[in-house]
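By convention in this document, chain letters (A, B, ...) are assigned in the order of the sequence lines, proteins followed by strands, and residues within each chain are numbered from 1. Only a predicted model underlies this, so the values are computations on that prediction, with no experimental measurement involved.
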Amino acid sequence: MSGLKPVQSPVDLPALEEDVLGFWDREGTFQRSQERGREGERFVFYEGPPTANGLPGVHHVLARAFKDCFLRYQQMRGRRVERRGGWDTHGLPVELEVERSLRIGSKQEIEQFGVEEFNRLCRASVVEYIDDWERLTRRIGFWLDLKTAYRTYDSEYIESVWWSLKQIHERGWLFRGFRVAPYCPRCQTSLSSHELAQPGAYRDDTPDPGVTVRFRLRDRPRTSLLAWTTTPWTLPGNLALAVGPEIDYVEVSQGEERLILARARLGVLVGEYRVERELRGQELLGLRYQPLFDYLPEQPGAFTVLPADFVSTEEGTGIVHTAGAYGEDDLRLCQEAGLQIRHTVGLDGRFLPLVRDFAGLAVKEADPYIIAELERRQLLYRSQPILHTYPFCWRCDTPLIYYALDSWFIRTTAVKERLLGHNRSVHWVPAHIRDGRMGNWLESLQDWNLSRARYWGTPLPIWVCPSCQRERCVGSLEELGLSPGTDVHKPFIDEVTLMCDCGAEMRRVPEVIDCWYDSGAMPFAQWHYPFENRGRFEADHPADFISEGVDQTRGWFYTLLAESTMLFDLPAFRNVVVPSLVVDEQGRKMSKSRGNVVDPFELITATGADAVRWWFYTTVSVGLEYRISAQRVTETAGRFLNLLWNTHAFLLRYAALAGWEPGGEEGTAPSHLLDRWILARLEETVAEAVPALDAYDANSACRAIAVLVEDTSTWYLRRSRERFKGAAEEVAESCSTLHRVLSSVACLMAPFTPFVADAIFRNLNPGAAPGEPVSVHLRPYPLPAAAGPRPALLAEMELLRRLAEEARALREQRRVPLRQPLGGATVRGAQLSPEARQVLAEELNVGRVLCPGGEAERPTVELDFELTPELIRDGLARSFARQLQALRRRLGLVPGEPVAVEYRADDELAEAISEHRAQLQEQCFARSLERRAALPEGAETLAVGDHPISVRLQRQGRPA
RNA sequence: GGGCCUUUAGCUCAGGUGGUCAGAGCGCACGGCUGAUAACCGUGAGGUCUGUGGUUCGAAUCCACAAAGGCCCA
């Protein structure tokens, strides 16, 4: 059995953590902790796969801290915890990085470069920073199995995704549609609504032209309908005008001309006008107008006024310009009116040749020319730039345009009610996300725009027959005659053809799928389900727990839910913890341009990972922003951890000094009030922490633990100090109690601050046999005893501490320092136990505490400030002791090292010293304590109260 | 335009179901302890709990409206 050894204090947290990491590696602590739960009930966690083509940020540390603490907690509770890592590998972000490195920027250039090589670079790029991710994961103590991490580009993974798409296709929920979607002309692909939901996609105060245009009526000279738009480039594609049948319109005259607009929008007119007549929108229907341009051919029904329910009088003129292909409402209206829709703009965002005057111009560039042309032809009524919110491509920053094109969709709207129901069954932390952010999103659900006209992604497994248009969705490699493990990415997959029943050769559609579908498929695709691991997946779904940042609400959380609902009619997870954003000290978003990005490695090197973790758990409630800086972390969490460390260092020092060792006395109940009190506080804390953690509330649990640690240091230890230096039984009892408390605190904190907790636990429990691994992470989590009434001593101690506070304030007011003993204190209105009175007497440094009886709502305390000569001498002796101790330290003596003391002092002080001689000698380890008339050179001159004193200390060899 | 969140001492934040809930930490001032000491502890000053109405015997706490900030959507 090895004894307890003193430790360094204060502790260097970052260095300690590096040591602990080494220990975990050597001992295989992570693996052992996994083995420990092998027989336990499963606890399923899904890791939201990051893309490793960029460096991790502090917000990743945040999410990982919350993941890790609940996994560690469940593991300590004996559950078998699944901790498989994963990497998201496909998608536009990856392509964009490669494009940058190749200094190219268009699909044509990629095609020229060669898709095979391009995708090969993508595959390499996506693991470029994987080492940094692994390093960070390890450094923050997030136990994750990265060796078996799934990757979304693996053939097995893709095959599972294909299988799922086939299921969806068979149910008729995977279809091709001509729809308007946000479209990035640079990436030349449309974006899904959850890509638009990425932070930063919408940008405020985007300038755009705001033009009000005359549409001249065919049958009424000098009369125009006024329409307003912020996208002049859509005007060449105009097919119709829309009005609200129930809206009130007016016809006004201005000079020679007549203008029609909504009555509520008269404010847009410039200059004098006269209202000539009022009319309902109904009366405008069917009016024919002259097209602004002649690029589009005439067709029945085109260039007329149509009724629409989306027309509002909030802005514009109440008459809406409708370009079939460049607005969702526009497209639907034109299709309902049976109009043929033709594009005026190509996939590259430039005008097609049929738009003769602007052909080849990018749409946004063309705006001023179009405005000028309208002005020249006197069709422009007014042009006034506006600022509004506008969407941009979340990866390449190009302004998006709304553009109709053929895309593949998943009919998520078909399962909307099931999604809402499953969402309601999920325990969200914080709770408001369920019906707020997520609920609202689901209420306004749209079909999922799944396809991407890009290169690096899971190929859409649909083969179409060019002759009979038959369409086949493939659900496995085998269906294609491919052997397992074949690379099925573009361009290889596009070579694979199928024989159609009609005899023609079916070819795959060119698109890949939204990479968000990949990550949403991880519950089954990570296991290559259903080709392998059927039982495993079925047992592991839905997950018990996931956690990601709030930006994933409409990202990964949604895709998980949507796919699980469509494929298995199940929610994908039962509990989800959603931390908010990490922002800088001033509360601003972190951005490279602002230069306020906090580097996670730098932060952790400065403060320690545990401090950062603890800070995340305790600084604010989940759901609020984290205003982070190294200084803030150190000042709160770092200080707290140091306090805990010092408390345990104190125990180690005195246990070592007394030769006390843990073991043997476990389970015995101590008798001293302070011991019983701190153990009751421990019990109370466990009873708070465990239910909180069961409810995924790390915040409350950590706060309760923090109060316990503070109670231990600032009250238990403060009042027990002398007992650690007293008689053997006293030392044993207090060491044993503090040992129990701190060992339990280490267990309680293990899920949150895994490094410090393990170091402290192992310092306190060095282990029975050499080589046998001892780690707090292999211990069970403390559990509350059966609920009972709150022990009375907790209330008594609360009262006692409040009374002590009052008494200290009284001393402060009278300027009587604590070291001056007083005769007594009187507590009125409460009966304290003799033990409690003793504790209070020691805290207040008074001879005795009286409780003359009686009960009061608010008990009070009084102090007897009368100083007797005896008390004064007592105070002098105490002051002398303090000076002696300081001197010992200055001379570099260690505790227990014996000395001989000689002093010269006046009679009054000498009397005080001789009166307390025995006590002084014991406290200061003085073999002798002699008064001299004169001292040789080298004596120290001190002052005790008003009395000068010279002292000489001599070493007496080493302590026994 | 809509949804959600936030607004409590100089700063960062706690304050289930309305009645010692006006708090903590940091900072500041003063002090104590003096073998946890490049540590620890205490005392004190500081807030009409964003504003305005309302419900109530009683509201930081519930309701309505407003303002400011943040996130998200349109």
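Side chain of A:Gln921 to backbone of A:Arg927: a donor-acceptor contact under 3.5 angstrom is found.
In this structure, A:Ala809 reaches the sugar-phosphate backbone alone: every heavy-atom distance under 4.0 Å involves primed, P, OP1 or OP2 atoms, never a base. Nucleic acid contact for A:Arg653: sugar-phosphate only, since backbone atoms but no base atoms lie under 4.0 Å from a heavy atom of the residue. Within the nucleic acid shown, A:Leu717 comes within 4.0 Å of at least one base atom, counting heavy atoms only.
The separation of B:C30 from B:C63, taken at their C1' atoms, amounts to 46 Å, rounded to a whole angstrom. Annotation: B:G51 and B:A59 have their C1' atoms spaced 16 Å apart (nearest Å).
When rounded to the nearest whole Å, the span between CG of A:Leu442 and C1' of B:G3 equals 13 Å. For the pair A:Arg802 CZ and B:U43 P, the interatomic distance rounds to 13 Å; values are reported in whole Å.
Here A:Phe557 and A:Trp428 bring their ring centres to under 6.0 angstrom of each other. Within the 6.0 Å centre-distance limit, the rings of A:Tyr626 and A:Phe616 are counted as a close aromatic pair.
Checked by distance alone, A:Ser713 brings a side-chain donor or acceptor within 3.5 Å of a matching partner on the base of B:A36. Remark: the A:Glu812 side chain and the B:G31 base include no donor-acceptor N/O pair separated by less than 3.5 Å.
Listed candidates were B:C72, B:G32, B:U12. Nearest to the side chain of A:Arg437 is B:C72.
With a cut-off of 3.5 Å on both Watson-Crick or G-U wobble distances, the partner of B:A45 is given as none.
Here B:G46 is in the syn range [glycosidic angle within 90° of 0].
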